[in-house]
Amino acid sequence: MFSLCRNFSGVRRAFPPSFRPAAAGLCSQGPTSTSRVAPGPGASGQRYNAPVSAEVVARVSGIPTMARLPHRETADGLDAAFVGVPIDTGTSNRPGARFGPRQIRVESAMLRAFNSSTGAAPYQSIAVADIGDVNVNLYDLKDTCRRIREAYRSILSTGCVPLTLGGDHTIAYPILQAVAERHGPVGLVHVDAHADTSDVMLGEKIGHGTPFRRCVEEGLLDPGRVVQVGLRGSSYSADAYAWSRAQGFRVVPVEECWFRSLAPLMAEVRAQMGGAPVYLSFDIDALDPGFAPGTGTPEIAGLTPIQGVEIIRGCRGLNLVGCDLVEVSPPYDTTGNTALTGANLLFEMLCVLPKVRYL
């Protein structure tokens with residue numbers, strides 16, 4: 001049995017029931033609008049997914065998926081997958097990050113298939129899809145961490161690289177538990193206003209201010225290959241970053257980033273990371289709240305979006321085994337610009353994954 005769908009030349013086309021256009025219920029014409037074959041090096045005959053083109057299907061049409069990609073139930077057969085983790089149970093100030101994945105997906109309708117600035121062609125290089133959200137427990141943060149860890153074990157077991165839509169920064173801890181199980185201790189490029197290395201928050205060991213302390217305690221990170229960029233703000237002690245430095249982290253406070261390109265910094269980071277596995281964790285509050293107000297713990301005098309893009313593009317060549325974009329809180333930005341920025345940064349992350357070709 002085949003379902004029928006009308007394309008935009010008025011011709012009826014038949015598809016098997018398993019075929020799911022990226023915009024549910026719509027079929028479209030053209031090589032950038034549906035799943036297609038795009039052979040590349042070592043991938044002859046590989047089936048890739050391409051976003052629905054806004055030249056054919058209006059951006060406001062269809063069910064939102066990340067970048068208007070097809071939705072898949074699992075990561076099987078994918079090289080990379082967008083996955084949402086919609087929690088804000090670990091936040092210490094303003095809530096709302098549980099709505100981050102949904103709003104990022106909505107704003108990602110603006111994304112197109114190619115990175116015209118860098119020449120990256122991710123959808124001609126690797127198989128990518130949106131695999132939905134982890135089914136979190138909004139009443140129990142520890143149980144949520146268990147669910148995240150198990151979900152990412154499953155994703156990583158397929159060889160897929162997860163690109164995560166957060167959700168508050170607590171999620172980095174269980175994700176890195178799963179990542180380290182597969183890859184061993186990893187390097188970390190951590191972009192944030194906060195070090196997230198507190199021991200306890202209101203007596204609790206798990207929260208969005210503690211993930212990287214927990215990761216060090218459990219041996220999930222290679223401390224000599226950890227870089228924290230953009231740190232700033234008031235603190236509870238005279239040197240808020242002493243613990244990070246004591247572990248061997250490289251700490252780059254925001255003052256070292258003001259009024260300059262971060263391309264030279266990232267050249268140093270690439271040399272430090274080498275060829276071993278690296279995880280990229282980007283908290284949207286690393287950016288100045290003038291650019292990204294929709295977040296739970298904003299700090300003034302932050303990075304610019306240009307510098308954020310420089311950091312991510314500077315990760316090209318690293319052995320990235322996972323990335324996240326966290327702490328988007330849509331209720332605090334009625335313009336949608338914070339989620340739009342987050343969507344674009346996630347696209348930039350996709351573009352620097354190891355298998356992506358550049359035209």
Side-chain angles (χ1 to χ4, degrees), residues 66 81-105 107-108 133-134 136 138 141 144-145 147-149 151-152 161-179 188-198 201 206-215 220-221 228-231 279-287 289 291-299 302-303 305 308 311-312 315 320 322-333 337-350:
M66 183 62 191
F82 291 105
V83 54
V85 185
I87 70 162
D88 53 19
T89 323
T91 55
S92 59
N93 191 38
R94 306 191 305 199
R98 67 181 64 186
F99 303 114
R102 182 173 297 176
Q103 192 64 33
I104 290 169
R105 286 184 172 106
E107 299 295 343
S108 75
D133 294 335
V134 176
V136 298
L138 296 177
L141 188 55
T144 281
C145 287
R147 291 169 180 237
I148 295 168
R149 183 169 57 250
Y152 278 75
V161 177
L163 298 161
T164 303
L165 292 65
D168 74 58
H169 221 155
T170 308
I171 68 176
Y173 169 44
I175 292 172
L176 281 165
Q177 286 179 314
V179 167
L188 174 69
V189 178
H190 174 208
V191 191
D192 205 325
H194 312 98
D196 293 350
T197 55
S198 296
M201 299 177 69
I206 298 176
H208 75 162
T210 68
F212 300 115
R213 170 122 15 169
R214 301 287 88 83
C215 288
L220 311 180
L221 300 177
Q228 297 184 302
V229 183
L231 306 188
Y279 186 86
L280 170 60
S281 188
F282 198 119
D283 189 323
I284 200 70
D285 73 23
L287 304 185
F291 299 108
T295 192
T297 49
E299 304 282 358
L303 302 176
I311 291 169
I312 297 173
C315 291
L320 287 172
C323 307
D324 66 50
L325 187 288
V326 298
E327 297 285 357
V328 171
S329 180
Y332 291 95
D333 183 359
N337 283 345
T338 306
L340 176 65
T341 300
N344 278 271
L345 294 177
L346 282 159
F347 176 69
E348 293 285 345
M349 293 176 190
L350 174 66

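Computed from a prediction, not measured in an experiment: that's the story for all the values here.
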Taking the side chain as everything from C-beta on, heavy atoms only, tell me whether Y332 gets closer than 4.5 Å to P95. yes
State, to 0.1 Å, how close T338 and G294 come at their nearest heavy-atom pair, and which atoms those are. OG1-N, 3.0 Å
With side-chain hydrogen bond (donor to acceptor under 3.5 Å, both in side chains) as the test, would you mind laying out the steps for D192 and H190 before giving the verdict? CA-CA 6 Å; D192 205 325; H190 174 208; 2.8 Å; yes
How long is the straight-line distance from CG of D333 back to CD of Q103, given to the nearest 0.5 Å? 9.0 Å
More than 12 heavy atoms of other residues, nucleotides or ligands under 6.0 Å from CZ of R147: yes or no? yes
Donor-acceptor contact below 3.5 Å, side chain E327 vs main chain H169: yes
Test item: R214 side-chain N/O and Y173 main-chain N/O as donor-acceptor pair under 3.5 Å: no
Nearest heavy-atom approach of R94 to P293 is NH2-O, 3.1 Å
Distance check, rounded to the nearest 0.5 Å: L163 atom CG versus L325 atom CG? 10.0 Å
Test item: S92 and M201 side chains (from C-beta on) under 4.5 Å apart, heavy atoms: yes
To the nearest 0.5 Å, atom CD1 of I206 lies from atom SG of C145 at 4.5 Å
Run the numbers on L303 and V191 for side-chain contact (heavy atoms from CB on, under 4.5 Å), then give the verdict. CA-CA 10 Å; L303 302 176; V191 191; 3.9 Å; yes
If we only count heavy atoms from C-beta on, is the T170 to T89 side-chain gap below 4.5 Å? no
Please evaluate residues Y152 and T164 with respect to the criterion side-chain hydrogen bond (donor to acceptor under 3.5 Å, both in side chains), reporting the C-alpha separation (whole Å), side-chain torsions for both, the decisive distance (0.1 Å), and the verdict. CA-CA 10 Å; Y152 278 75; T164 303; 2.6 Å; yes
Can you name the nearest heavy-atom pair linking P331 to G96, along with the distance? CD-O, 4.0 Å
Please tell me if the side chains of V134 and I87 come closer than 4.5 Å, counting only heavy atoms from C-beta onward. no
Do S329 and D88 have side chains that get closer than 4.5 Å, going by heavy atoms? no
Nearest heavy atoms of E299 and P289, plus distance in Å: O-CD, 2.9 Å
Measuring from D283:CG to Q228:CD, what's the distance to the nearest 0.5 Å? 11.5 Å
Residue pair R98, D133: steps toward the salt bridge (Lys or Arg N to Asp or Glu O under 4.0 Å) verdict: CA-CA 11 Å; R98 67 181 64 186; D133 294 335; over 6 Å; no
Under the side-chain hydrogen bond (donor to acceptor under 3.5 Å, both in side chains) test against T297, which residue among N93, T91, D285 passes? D285
Output for pair (L221 CG, Y279 OH), nearest 0.5 Å, gives 11.0 Å
Taking N344 for the side chain and L340 for the main chain, is one N or O donor matched with an acceptor at less than 3.5 Å? yes
Test ring-ring contact (aromatic ring centres under 6.0 Å, His included) applied to H208 - qualifying residues, sequence neighbours left out: none
Without swapping roles, check the side chain of D324 against the backbone of F282 for a donor-acceptor pair under 3.5 Å. yes
Hey, what do you get for CG (L176) to SG (C215), rounding to the nearest 0.5 Å? 4.5 Å
side-chain contact (heavy atoms from CB on, under 4.5 Å) between F82 and L346, worked out: CA-CA 9 Å; F82 291 105; L346 282 159; 4.2 Å; yes
4.5 Å side-chain heavy-atom contact, L345 and I312: yes
Checking side-chain contact (heavy atoms from CB on, under 4.5 Å) for the pair L280/L320: CA distance, chi angles, key distance, verdict? CA-CA 7 Å; L280 170 60; L320 287 172; 4.1 Å; yes
Are side-chain heavy atoms of P101 and V85 found at a separation under 4.5 Å? no
For a 4.5 angstrom cut-off between non-hydrogen side-chain atoms, does I171 reach V326? yes
Report yes or no: does D168 contribute a side-chain atom to a donor-acceptor pair with the main-chain N or O of A97 at less than 3.5 Å? no
Give the intermediate values and the outcome of side-chain contact (heavy atoms from CB on, under 4.5 Å) for residues F291 and T341. CA-CA 9 Å; F291 299 108; T341 300; over 6 Å; no
